[in-house]
Amino acid sequence: MLSSVPSLAARIINHYKLREDVKVFNLSGMGCSASLISVDIVQNVFKSCKNVYALVVTSESLSPNWYSGNDRSMILANCLFRSGGCAILLTNKRALKHRAMFKLKCLVRTHHGARDESYDCCLQREDEQGRLGFHLGKSLPKAATRALVDNLREITPKILPVRELLRFMVVSFIRKYWSHRSTKGVVSPKPVINFKTGVDHFCIHTGGKAVIDGIGVNLDLTEYDLEPARMTLHRFGNTSASSLWYVLGYMEAKKRLKRGDRVLMMSFGAGFKCNSCLWEVVRDLDADNVWKDCIDSYPPKSLANPFMEKFGWINNEDPSTFVMR
């Protein structure tokens with residue numbers, strides 16, 4: 001949500017005195033999905049430019065977007081988002097493949113901006129007192145689920161083995177057949193695709209506890225699969241477009257990523273959109289990163305909010321009694 005003039009991209013070019021022929025793309029207003037949108041732009045640039053480098057810089061700047069009003073749907077953003085940033089260097093130089101960490105296999109973008117319900121669930125607007133803030137509506141989980149389903153429907157055939165797709169089709173057909181034949185109206189459990197047949201790790205956007213839980217239920221993931229996202233939300237909060245790389249950093253710091261592993265990234269963003277991509281780990285990874293000073297203490301014994309005992313009473317207060325000073 002940072003929209004500076006000159007742009008952030010221009011400031012980076014000026015600071016590092018980059019060449020005059022550098023191609024610049026400055027994205028603003030893309031929300032939490034900006035990382036994978038940027039990677040998609042790079043992927044398309046690489047199709048026409050050979051042996052080049054691309055630097056993707058993502059950030060979350062909460063300070064200029066702090067909400068000072070009483071609307072609970074807008075106060076939530078103050079509690080959820082944190083400032084953070086990261087940078088990723090990409091290249092299509094084959095001579096550097098021995099130094100690469102990941103290889104991009106595929107990327108799919110889904111946008112539901114034409115649906116008013118999806119468009120309005122994440123919106124920057126003014127409250128009744130004219131205070132600017134970021135509104136998170138109650139329809140957000142529904143919009144996220146709809147976007148996720150459509151996105152997975154497109155990327156699934158690209159990342160899962162044929163045998164798993166065939167198994168799912170057969171089980172679905174049998175369930176549909178017997179549901180019509182059954183005279184007692186008994187319906188068997190809905191078949192679920194096993195994403196672990198083609199994916200080893202799940203890098204989930206830290207949009208909040210509800211988002212992580214929802215993806216876990218929809219994809220039938222274990223707590224081990226969800227741990228990187230939960231720990232990132234606990235330690236760094238939602239750093240918006242940067243959050244995926246914090247989650248990936250947790251996996252690296254825990255030495256989970258081995259050569260040949262496949263990592264599925266999933267992110268959501270205002271608009272409403274859902275983007276996902278699949279990375280292949282090119283070599284074993286165990287380097288130090290942003291987690292190096294605290295990785296040994298994660299996961300903690302309890303994720304309970306330590307402030308609830310002292311400040312939990314505020315949830316029972318009538319918002320009309322709040323006084324702004």
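Predicted model, so just to flag it, every value in this text is computed and none were measured. Position 1 is the first residue of the sequence; numbering continues from there.
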Colleague: Quick one: list whatever passes side-chain hydrogen bond (donor to acceptor under 3.5 Å, both in side chains) with His201, sequence neighbours left out.
Modeller: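 Partners of His201 by the side-chain hydrogen bond (donor to acceptor under 3.5 Å, both in side chains) criterion, ordered by chain and then number, come out as Asp261.
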
Colleague: Name all pairs fulfilling the side chain to side chain donor-acceptor pair (under 3.5 Å) condition that reach into residues 113-123, sequence neighbours left out, sorted by first residue then second.
Modeller: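 Residue pairs passing side chain to side chain donor-acceptor pair (under 3.5 Å), neighbours aside: Glu117-Arg146, Ser118-Arg146.
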
Colleague: Enter the distance from Leu148:CG to Leu219:CG here, rounded to the nearest 0.5 Å.
Modeller: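 Answer for the CG-CG pair, Leu148 versus Leu219, is 6.0 Å.
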
Colleague: Please name all residues satisfying salt bridge (Lys or Arg N to Asp or Glu O under 4.0 Å) with Lys105, sequence neighbours left out, ordered by chain then number.
Modeller: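 By the salt bridge (Lys or Arg N to Asp or Glu O under 4.0 Å) rule, Lys105 matches Glu280.
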
Colleague: Tell me, with the steps shown, if Phe202 and Leu226 meet side chain to side chain contact (heavy atoms under 4.5 Å, CB included).
Modeller: CA-CA 7 Å; Phe202 297 85; Leu226 299 177; over 6 Å; no

Colleague: What verdict does the side chain to side chain contact (heavy atoms under 4.5 Å, CB included) test give for Phe268 and Ile215, after you've listed the backbone C-alpha separation in whole Å, the side-chain angles of each residue and the deciding distance to 0.1 Å?
Modeller: CA-CA 11 Å; Phe268 301 91; Ile215 294 178; 3.5 Å; yes

Colleague: State, yes or no, whether a side-chain contact exists between Ile41 and Leu27 at a heavy-atom distance under 4.5 Å.
Modeller: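 Heavy-atom side-chain distance check passes, below 4.5 Å.
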
Colleague: Quick one: does Thr232's side chain get under 4.5 Å of Trp291's, heavy atoms only?
Modeller: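 Contact flag for Thr232/Trp291 side chains = yes.
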
Colleague: If every non-hydrogen atom of Ser33 is compared with every non-hydrogen atom of Asn275, which pair is closest and at what distance?
Modeller: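 What the structure gives for the nearest pair is CB-ND2, 3.2 Å.
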
Colleague: Indicate yes or no: at least one non-hydrogen side-chain atom of Leu165 is less than 4.5 angstrom from one of Thr156.
Modeller: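 A side-chain contact exists here, since the closest heavy-atom pair is under 4.5 Å.
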
Colleague: Could you go through the side chain to side chain contact (heavy atoms under 4.5 Å, CB included) check for Leu107 and Val39 one step at a time?
Modeller: CA-CA 9 Å; Leu107 189 150; Val39 172; 3.9 Å; yes

Colleague: Going by heavy atoms in the side chains, are Leu36 and Ser267 under 4.5 Å from each other?
Modeller: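 In contact.
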
Colleague: Quick check on the hydrophobic clustering: are Leu264 and Leu285 connected, directly or via other members, by side-chain heavy-atom contacts under 4.5 Å?
Modeller: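 Leu264 and Leu285: separate clusters.
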
Colleague: I want to know whether Phe134 and Trp66 have ring centres closer than 6.0 Å.
Modeller: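 No, they do not, as the ring centres are separated by 6.0 Å or more.
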
Colleague: Drop me the distance from Ser297's OG to Met231's CE, to the nearest 0.5 angstrom.
Modeller: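 Output value for this atom pair is 10.5 Å.
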
Colleague: Looking only at heavy atoms, what is the nearest atom pair of Val24 and Ala9, with distance?
Modeller: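 That closest heavy-atom pairing would be CG1-CB, 3.4 Å.
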
Colleague: Check whether any side-chain heavy atom of Cys122 sits under 4.5 Å from a side-chain heavy atom of Leu140, and report yes or no.
Modeller: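 Yes, at least one pair of side-chain atoms sits under 4.5 Å.
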
Colleague: Look at the side chain of Ser139 and the backbone N and O of Lys142, then say whether any donor-acceptor pair between them is shorter than 3.5 Å.
Modeller: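 Not at all, since once roles are kept as given, no pair shorter than 3.5 Å links the two residues.
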
Colleague: Verify, without hydrogens or angle tests, whether Asp286 (side chain) and Lys255 (backbone) share a donor-acceptor contact under 3.5 angstrom.
Modeller: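 Between the backbone of Lys255 and the side chain of Asp286 there is no qualifying donor-acceptor contact (under 3.5 Å).
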
Colleague: Quick check: does any side chain N or O of Arg283 sit under 3.5 Å from a backbone N or O of Ala100, one acting as donor and the other as acceptor?
Modeller: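 At least one qualifying donor-acceptor pair exists.
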
Colleague: With clusters built from Ile, Leu, Val, Met, Phe, Trp and Tyr whose side-chain heavy atoms come within less than 4.5 Å, directly or transitively, what are the remaining members of the cluster of Tyr53, listed by chain and number?
Modeller: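 Members alongside Tyr53: Leu89, Leu96.
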
Colleague: Honestly curious: do Ile155 and Trp279 fall in one hydrophobic cluster under the side-chain, below-4.5 Å linking rule?
Modeller: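 Different clusters.
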
Colleague: Kindly determine whether His111 and Phe272 satisfy ring pair (Phe, Tyr, Trp, His ring centres under 6.0 Å), including the steps that lead there.
Modeller: CA-CA 6 Å; His111 204 302; Phe272 189 86; 8.9 Å; no

Colleague: Check whether any side-chain N or O of Asp225 sits under 3.5 Å from a backbone N or O of Leu221 as a donor-acceptor pair, and report yes or no.
Modeller: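 Judged by distance alone, no pair lies under 3.5 Å.
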
Colleague: Suppose we screen for salt bridge (Lys or Arg N to Asp or Glu O under 4.0 Å). Which residues come up paired with Lys209, at least two apart in sequence or across chains?
Modeller: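 Checked Lys209 against salt bridge (Lys or Arg N to Asp or Glu O under 4.0 Å); matches are Asp213.
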
Colleague: Any side-chain to backbone donor/acceptor pair from Asn151 onto Cys274? Under 3.5 Å, distance only.
Modeller: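 The answer is yes, because a donor-acceptor pair under 3.5 Å joins these two groups.
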
Colleague: Can we say Lys196 and Asp220 salt-bridge, meaning some charged N sits less than 4.0 Å from an Asp/Glu carboxylate O?
Modeller: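 Not counted as a salt bridge, because no side-chain N and carboxylate O are separated by less than 4.0 Å.
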
Colleague: Show me the pairs that pass side chain to side chain donor-acceptor pair (under 3.5 Å) and involve residues 91-104, at least two apart or across chains.
Modeller: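 Non-adjacent pairs meeting side chain to side chain donor-acceptor pair (under 3.5 Å): zero.
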
Colleague: How would you list, by chain and number, every residue that makes a salt bridge (Lys or Arg N to Asp or Glu O under 4.0 Å) with Arg11, sequence neighbours excluded?
Modeller: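 Salt bridge (Lys or Arg N to Asp or Glu O under 4.0 Å) check on Arg11 returns nothing, list empty.
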
Colleague: Residues in side-chain hydrogen bond (donor to acceptor under 3.5 Å, both in side chains) with Glu223, at least two apart?
Modeller: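 For Glu223, the residues satisfying side-chain hydrogen bond (donor to acceptor under 3.5 Å, both in side chains) (neighbours in sequence not counted) are Arg230.
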
Colleague: Does a side chain donor of either Thr197 or Asn194 reach within less than 3.5 Å of an acceptor in the other side chain?
Modeller: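 Looking only at side-chain atoms, Asn194 and Thr197 do not form any donor-acceptor pair under 3.5 Å.
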
Colleague: Please report the shortest heavy-atom distance between Tyr298 and Cys294, naming the atom on each side.
Modeller: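 That closest heavy-atom pairing would be CD1-O, 3.3 Å.
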
Colleague: Do Leu90 and Met101 sit in one hydrophobic cluster, given that two such residues count as connected whenever their side-chain heavy atoms are within less than 4.5 Å of each other, even indirectly?
Modeller: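 Same cluster: Leu90 reaches Met101 through Ile, Leu, Val, Met, Phe, Trp or Tyr contacts under 4.5 Å.
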
Colleague: Kindly state each residue pair satisfying salt bridge (charged side-chain N to carboxylate O under 4.0 Å, His left out) with at least one member in residues 290-306, sequence neighbours excluded.
Modeller: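 Qualifying pairs, neighbours excluded: none.
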
Colleague: Do you know the tightest heavy-atom contact between Thr206 and Gly237?
Modeller: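 Closest approach of Thr206 to Gly237: OG1-O, 3.7 Å.
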
Colleague: So, do Tyr224 and Arg256 sit near enough that their side-chain heavy atoms are less than 4.5 Å apart?
Modeller: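 Answer yes - side chains close enough.
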
Colleague: Check salt bridge (Lys or Arg N to Asp or Glu O under 4.0 Å) between Glu164 and all other residues, then give those that pass, not counting sequence neighbours.
Modeller: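 Checked Glu164 against salt bridge (Lys or Arg N to Asp or Glu O under 4.0 Å); matches are Arg167.
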
Colleague: Do Asp150 and Thr110 have side-chain atoms, one donor and one acceptor, less than 3.5 Å apart?
Modeller: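 Absent: no donor and acceptor within the cut-off.
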
Colleague: What pairs with Asn78 under side-chain hydrogen bond (donor to acceptor under 3.5 Å, both in side chains), at least two apart in sequence or on another chain?
Modeller: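 Partners of Asn78 under the side-chain hydrogen bond (donor to acceptor under 3.5 Å, both in side chains) test: none.
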
Colleague: Decide if atom CZ of Phe173 counts as having more than 12 heavy atoms of other residues, nucleotides or ligands within a radius under 6.0 Å.
Modeller: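 No, because the 6.0 Å sphere around CZ of Phe173 holds 12 heavy atoms or fewer from other groups.
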
Colleague: Can you establish whether the number of heavy atoms outside Gln129 located under 6.0 Å from its atom CD is more than 12?
Modeller: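 Correct, the count exceeds 12.
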
Colleague: Are Leu132 and Met74 grouped together when hydrophobic residues (ILVMFWY) are joined by side-chain heavy atoms under 4.5 angstrom apart?
Modeller: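 Leu132 and Met74: separate clusters.
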
Colleague: Just verifying a value: how many Å separate Arg109 CZ and Cys277 SG, rounded to the nearest 0.5 Å?
Modeller: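 The CZ atom of Arg109 sits 12.0 Å away from the SG atom of Cys277.
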
Colleague: Which heavy atom of Leu160 sits nearest to which heavy atom of Phe195, and what is that distance?
Modeller: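 Closest pair (atom of Leu160, atom of Phe195, distance): CD2-O, 3.7 Å.
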
Colleague: Is there a path from Met265 to Leu152 through hydrophobic residues (I, L, V, M, F, W, Y) whose side chains come within less than 4.5 Å of each other?
Modeller: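 Different clusters.
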
Colleague: List, one per line, each side-chain donor-acceptor pair under 3.5 Å for residues 241-253, sequence neighbours excluded.
Modeller:
{"from": "Ser242", "atom 1": "OG", "to": "Thr58", "atom 2": "O", "distance (Å)": "3.1"}
{"from": "Ser242", "atom 1": "OG", "to": "Thr58", "atom 2": "OG1", "distance (Å)": "3.3"}
{"from": "Ser243", "atom 1": "OG", "to": "His205", "atom 2": "ND1", "distance (Å)": "2.9"}
{"from": "Ser243", "atom 1": "OG", "to": "Ser240", "atom 2": "O", "distance (Å)": "2.9"}
{"from": "Trp245", "atom 1": "NE1", "to": "Ser35", "atom 2": "OG", "distance (Å)": "2.9"}
{"from": "Tyr246", "atom 1": "OH", "to": "Gly85", "atom 2": "N", "distance (Å)": "3.3"}
{"from": "Tyr246", "atom 1": "OH", "to": "Gly85", "atom 2": "O", "distance (Å)": "3.4"}
{"from": "Tyr250", "atom 1": "OH", "to": "Glu227", "atom 2": "OE2", "distance (Å)": "2.5"}
{"from": "Glu252", "atom 1": "OE1", "to": "Asn289", "atom 2": "ND2", "distance (Å)": "3.4"}

Colleague: Decide yes or no for Lys273 and Cys32: does some side-chain heavy atom of the first lie under 4.5 Å from some side-chain heavy atom of the second?
Modeller: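 Result no, sub-4.5 Å side-chain heavy-atom pair not found.
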
Colleague: Supply the atom-to-atom distance Arg82 CZ to Leu233 CG, rounded to the nearest 0.5 angstrom.
Modeller: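 Going from the CZ atom of Arg82 to the CG atom of Leu233 covers 9.5 Å.
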
Colleague: Find out whether Val199 and Leu278 are in side-chain contact, i.e. whether some heavy atom of one side chain is under 4.5 Å from a heavy atom of the other.
Modeller: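 Touching, per the 4.5 Å side-chain cut-off.
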
Colleague: For the atom pair OG (Ser73) and NZ (Lys138), what is the distance rounded to the nearest 0.5 Å?
Modeller: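 If I round to the nearest 0.5 Å, the distance is 9.5 Å.
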
Colleague: Which distance, rounded to the nearest 0.5 Å, do you find between the OG of Ser276 and the CD1 of Ile159?
Modeller: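 One finds 7.0 Å between OG of Ser276 and CD1 of Ile159.
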
